[in-house]
Protein chains: 2
Amino acid sequence: MDNYQKGKVDIVAVAKAAKVSPSTVSRTFNHPNLVSPATRKKINRAVQKLGYIRNRAAQTMHGKRSGTIGLVVPTINHAIFAEVIQAFSETIDRAGFSLLLASHSYDLDREYAMVRKFLEHRVDGVALVGLEHSDATTRLIEQQKTPALAIWNYSEDCPLPCVGADNRLAGHLAAEHLLALGHRHIGLIFPKTTGNDRAQNRLSAVREALNEKGISVPSEHESEAPYSVSQAKQAAMSLLTEHARPTALLCGNDVIAQGGLFAAQSLGLKVPDDLSIIGIGDFKGSADVEPGLTTIRIPAETIGKLAGERFTDYITSDDPEPFRICCELERIVRGTTGPVAVF
Amino acid sequence: MDNYQKGKVDIVAVAKAAKVSPSTVSRTFNHPNLVSPATRKKINRAVQKLGYIRNRAAQTMHGKRSGTIGLVVPTINHAIFAEVIQAFSETIDRAGFSLLLASHSYDLDREYAMVRKFLEHRVDGVALVGLEHSDATTRLIEQQKTPALAIWNYSEDCPLPCVGADNRLAGHLAAEHLLALGHRHIGLIFPKTTGNDRAQNRLSAVREALNEKGISVPSEHESEAPYSVSQAKQAAMSLLTEHARPTALLCGNDVIAQGGLFAAQSLGLKVPDDLSIIGIGDFKGSADVEPGLTTIRIPAETIGKLAGERFTDYITSDDPEPFRICCELERIVRGTTGPVAVF
DNA sequence: AATAGTATTGCAAATGTTTTCATAAATTCG
DNA sequence: CGAATTTATGAAAACATTTGCAATACTATT
């Protein structure tokens, strides 16, 4: 009553208002079956009246879970991660957890800083994108015995539990598709690979697949582009105006592929007749460009959802079992790839 | 030493290792100038050695700030919000805060639930998208005296501090542009307006602008589409195959506009000769489609950044001054709009 | 050298919960 | 009906930190 106005409503205020002890109030929240329906009702009325909101900080301090999970991504502003974040967020929310989110712009030192910050908040678990992390980060997680999860990549010898797809396979599938269509002059546009094992794995698998056919990519048919349609378009423009134009473009992801597509269109090239283009990812929107983008689908939503489910299980379980989940890739053939033109 | 392995490293463990009192350790973190350089060094060594990580939950309980800011968005998986989230996240991170993120799928009751959850975590502030919220939410924020911020929309009579753009103006500018080009038969594709004051404001402003010119939009030239290129494309397809086709399409946002563009292309319509298209938002990628999308630019990144800066200032200030910031819109004329064809 | 002031440190209380243990009341059973 | 359970509640300790106050040690001033 008195401190009703002051916003200082704590569990003892509620207890007083309901004329019971704080213990009973606490129990009403945590083990409702241990308190009689009558008192429960009294307490709920008091809670309602005072506008009491539980203080998780105090619970956390007591050794209960904090109810937060930290997720550190390279960047939020990016179709595919946004999709994973969304799915992950929704799933852990359903399990009663809140999401602490941070991004590190592909800088593994900043990743370390973010993880550390999250540990200060006593997150119940921390999820990272990819398998490549700084030693400091690995040590930190290890030492603090915080449940950790690698998301997005799958590898059978991943030291952490992981939920993701096999990026090497993705690269391989993309290359295979172009080769099967008869392409031998293939341009490669990939993002920078430092601190980005996804891109790295894809690229090296592509190279391998091409090498097996005795194909090597001349350096003027290789280009680096950041995660941006417009910059990728630029890169593709210059690559496609080389004197010996490749017959196909294999792009490290769908954003780059879209850039490639727009570049081709603005150069007046017919896709797929003059140029085939394949991406990796199958982002939202890739299906809808004209022509639809051929790509290797990475099931971002599934990954996010599965990761959320399994990780919360893992965290709440008494004897957690490590797990590794490999999500299936799918080759989605749409309109941007076709057989190589005969000369 | 003993509990070094057990991960139970707290401030008193550090104190013991450094042979000082816990108070001194605490002070080293919070008021370093109050402790002598020599002891500070001792303590830092101990911290290093034991791998101590401060416990924010305990600090929070003591009345210090929790160091978290909650952001509730309609959806994460969505170009424009992703951009705001990214900018907001980075900015508050720089000020030492962590981001708690949740989405409510345009359901204001879920928004309430999310805000409540955040209040349990004792966030230092909570940011919401838009100005339309359930009464319960408003009451909750009011009653808990938690600093709150409305993001994305600007309105001069907003009850909360806000950082955003004027969506009515956005709608007006879009309509004006088409009218200036001579269009009189204008198709409208907008998202559902319930619980989405952005869309609502834009749409009503468009209607007003058209009415002023004595133009009303027949119902067969109006369509509703969710935030999805492909579904918008569907909607546009059926709208554009009506017997009396409009000469221009005004779309509630750029995603829908892209759908419209692809629909036109796949129907063999020349843009902008046969059909003009204008969007609102200027999302990443809007510049890069072929032809480039004409749109009203809403500076998402600026909004996120400004919001983060001002809000953290507001939270950390001793006597916080409410603020309202209106971010400038910009008409970006690219290739999808042109003068109406003469018959 | 004595005094006043300042810099550095420690003690103990306080923060809001949960949980163990103990106690009291109610119920069951022979 | 009395003993044995079971059910419902409360008291108090514990969680990891911060901070006001007090105490000590050091420095400067006269």
Judged by modelled atom types alone, do [X] and [Y] share a side-chain donor-acceptor pair under 3.5 Å?
X	Y	answer
A:N30	A:S26	yes
A:E111	A:S134	no
A:T68	A:H121	no

Base, sugar-phosphate, or nothing for [X], non-hydrogen atoms under 4.0 angstrom?
X	value
A:F29	nothing
B:S36	sugar-phosphate
B:T60	nothing

Protein-nucleotide distance ([X], atom [atom1]; [N], atom [atom2]), rounded to Å:
X	N	atom1	atom2	answer
A:R65	C:dT17	CZ	P	19 Å
A:R27	C:dT17	CZ	C1'	13 Å
A:H121	D:dA16	NE2	C1'	16 Å
B:I11	D:dT17	CD1	P	5 Å
A:I43	C:dT17	CD1	P	13 Å
A:R40	D:dA8	CZ	P	9 Å
B:N30	D:dA16	CG	P	17 Å
B:E120	C:dG16	CD	P	16 Å

Choosing from [options], which nucleotide comes nearest the side chain of [X]?
X	options	result
B:H62	D:dA16, D:dA14, D:dT18	D:dT18
B:R54	C:dT19, C:dT15, D:dT18	D:dT18
A:K64	C:dG10, C:dT18, C:dT9	C:dT18
A:T24	D:dT9, D:dT18, C:dT19	D:dT9
A:D10	C:dT18, D:dT9, C:dG16	C:dG16

- How about A:D135: does its CG atom have over 12 heavy atoms from other parts shown lying under 6.0 Å from it?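 At most 12 heavy atoms, drawn from other residues, nucleotides or ligands, come within 6.0 Å of this atom.
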
- Query: Heavy-atom count around A:K117 NZ within 6.0 Å, excluding the residue itself: above 12?
  - Reply: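 Above 12, so yes.
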
- Taking the six-membered ring for Trp, are B:H78 and B:Y227 parallel (under 30°), tilted (30 to 60°) or perpendicular (over 60°)?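 Answer is tilted, since the angle falls between 30° and 60°.
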
Tell whether [X] reaches the base of [N] with its side chain through a donor-acceptor pair below 3.5 angstrom.
X	N	value
A:S23	D:dA11	yes
B:R122	C:dG16	no
A:R56	C:dG16	no

- Item | B:N33 or B:A58, whichever maps to the more 5' nucleotide of DNA chain C |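 Going by which nucleotide is closer to the 5' end, it is B:N33.
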
- Residue closer to the 5' end of DNA chain C, A:Y52 versus B:V20 (nearest nucleotide):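 Residue closer to the 5' terminus by nearest nucleotide: B:V20.
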
So, is [X] close to the [N] phosphate, meaning a side-chain N or O under 4.0 Å from OP1 or OP2?
X	N	result
A:N55	C:dT17	no
B:Q59	D:dT17	no
A:H31	C:dT18	no

